[in-house]
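Encoded as structure tokens, the structure appears first; notes follow it.
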Amino acid sequence: FYRPLTLIVGVNGAGKTTVIECLKQACTGELPPNTRSGQSFIHDPRMANETDIKAQIKLRFLTSSKQPVVVVRSFQLIEKKTTRQFKTLDST
């Protein structure tokens with residue numbers, strides 16, 4: 001993003017809110033509201049005919065003193081017969 005202002009525009013369903021939710025999650029570790037403890041935050045395993053889906057958010061930025069920082073959040077969603085299990089794999 002560039003100064004002084006960045007606009008995120010697109011048609012409905014393009015992912016504008018998802019970009020903001022990922023930025024918040026990467027910075028704070030908080031999952032977006034209404035994601036059922038993360039289960040609906042990442043791709044539905046059934047859509048890909050899979051039982052195990054992994055997802056990752058990677059945020060790169062420079063501090064005010066121009067030091068590079070990379071924040072990585074990794075997740076896993078496992079589809080079981082009657083339930084789903086959401087896990088946070090790591091954080092840096």
So how far is it from L7 CG to L5 CG, rounded to the nearest 0.5 Å?
4.5 Å
Using only heavy-atom distances, determine whether the side chains of Q56 and S74 contain a donor-acceptor pair under 3.5 Å.
yes
How about F75 and I53: do any of their side-chain heavy atoms sit closer than 4.5 Å?
no
Hey, could you give me the CZ/CD distance between R73 and Q25, rounded to the nearest 0.5 Å?
5.5 Å
State, yes or no, whether a side-chain contact exists between L31 and F86 at a heavy-atom distance under 4.5 Å.
yes
Just do the side-chain contact (heavy atoms from CB on, under 4.5 Å) check on V69 and T63 with the steps written out, would you?
CA-CA 7 Å; V69 176; T63 65; 3.5 Å; yes
Can you tell me how far the OG1 atom of T51 sits from the NZ atom of K80, to the nearest 0.5 Å?
10.5 Å
Minimum heavy-atom distance A26-I57, with the two atoms named
CB-CG2, 3.9 Å
Measure from the side-chain N and O atoms of K16 to the backbone N and O of V9, and report whether any donor-acceptor pair falls under 3.5 Å.
no
Could you give me the CA-CA distance, side-chain angles and deciding distance for T28 and E30, then say whether side-chain contact (heavy atoms from CB on, under 4.5 Å) is met?
CA-CA 5 Å; T28 68; E30 293 179 30; 3.4 Å; yes
Taking the side chain as every heavy atom from C-beta outward, state whether L59 and V70 have any pair of such atoms under 4.5 Å apart.
no
Quick one: CD on Q76 to CG on D52, what's the gap to the nearest 0.5 Å?
4.0 Å
